[in-house]
Amino acid sequence: MLMKINHPYHLVTSSPWPILAALSIMIAMMGFIKYSYQFDMYLMLFGIFILILTIIQWWRDVVRESTYQGLHTIKVMSGLRWGMILFILSEVFFFISFFWTFYHSSLSPSIEIGVNWPPLGILAFNALQVPLLNTMVLLASGITITWTHHALLENNHNEAIQSLMITIILGLYFTFLQMYEYLEAPFTIADSIYGSTFFMATGFHGLHVIIGTTFLITCLNRMLYMHFSSNHHFGFEAAAWYWHFVDVVWLFLYISIYWWGN
């Protein structure tokens, strides 16, 4: 005879998505190596395609658990909050490695790059042009996503949707400006330590903006289906924390690489 035990914890059921996600990432990385040597990107695109399908179905299951099955209790949401905090902390240290590299190379430039920073022959970006515009765009998106949060807390559904749509548009605009900047860049990732640190740091930040924008689009879709309430919207909270983290990292990038580093 089976006994039903009531408790506030969520015992995760068996799921195929973690192993499928790991395999798809492995395929994508193998495809990237193949693309690097043979300029054949089909395997990489195949891995990315499988990963996208896996993510969609994995998030679908999480949404079902939280919204329809009632498995995300107060105790579970507390654990999820701590998990998100630790994840963002790990991302902070990820970017610290890039800043460490940048300051190590710029404060004591080696003789190979002309004992100069930026290195001789590198024409750096003007910090008061597109980079400043990008900074204003991200700061504005930080304001609009805070507006969304307050609207959710007040159960103002229409305002929450409108402000979140503005945030998503600003995120897409930032990505477009970053792409334009890369296309117009007078140097490449192969141009000394300056090119390497610039494109690695700003490129990974751009990837985080794309991930954050995807996160927000998912939250907008859930808002349209009335999944969030004033006291049960951790999915949006996690997206907002992530977006504020992306904002803060960009401020450090702008001050360090675009302004001070030039």
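Computed from heavy atoms alone, side chains included, the values below leave out hydrogens, waters and symmetry copies. We count residues from 1, following the sequence as given.
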Looking at [Y], is its backbone amide N or carbonyl O close enough to the side chain of [X] to form a donor-acceptor pair, meaning the two atoms are under 3.5 Å apart?
{"X": "H227", "Y": "Y68", "value": "no"}
{"X": "Y180", "Y": "V130", "value": "no"}
{"X": "T67", "Y": "R64", "value": "no"}
{"X": "N116", "Y": "P119", "value": "no"}
{"X": "S141", "Y": "L138", "value": "yes"}
{"X": "T218", "Y": "T214", "value": "yes"}
{"X": "H244", "Y": "I145", "value": "no"}
{"X": "Y9", "Y": "T73", "value": "no"}
{"X": "T148", "Y": "L164", "value": "yes"}

Can you tell me if [X] and [Y] form a side-chain donor-acceptor pair at under 3.5 Å?
{"X": "W17", "Y": "Q57", "result": "no"}
{"X": "T202", "Y": "Y182", "result": "yes"}
{"X": "T135", "Y": "W250", "result": "yes"}
{"X": "E159", "Y": "Q162", "result": "no"}

Kindly say whether the aromatic ring centers of H205 and F245 come within a distance under 6.0 Å. no
Tell me the closest heavy-atom pair linking [X] and [Y], and the distance in Å.
{"X": "I257", "Y": "N262", "result": "O-OD1, 3.5 Å"}
{"X": "A151", "Y": "A160", "result": "CB-N, 3.6 Å"}
{"X": "G195", "Y": "F187", "result": "CA-CD1, 4.1 Å"}
{"X": "H72", "Y": "H232", "result": "O-NE2, 3.2 Å"}
{"X": "L170", "Y": "V137", "result": "O-CG1, 3.3 Å"}

Classify the angle between the aromatic ring planes of [X] and [Y] as parallel (below 30°), tilted (30 to 60°) or perpendicular (above 60°).
{"X": "F204", "Y": "F98", "answer": "parallel"}
{"X": "F99", "Y": "F252", "answer": "perpendicular"}
{"X": "F228", "Y": "H233", "answer": "perpendicular"}

Less than 4.5 Å apart, any side-chain heavy atom of V209 and any of W243? yes
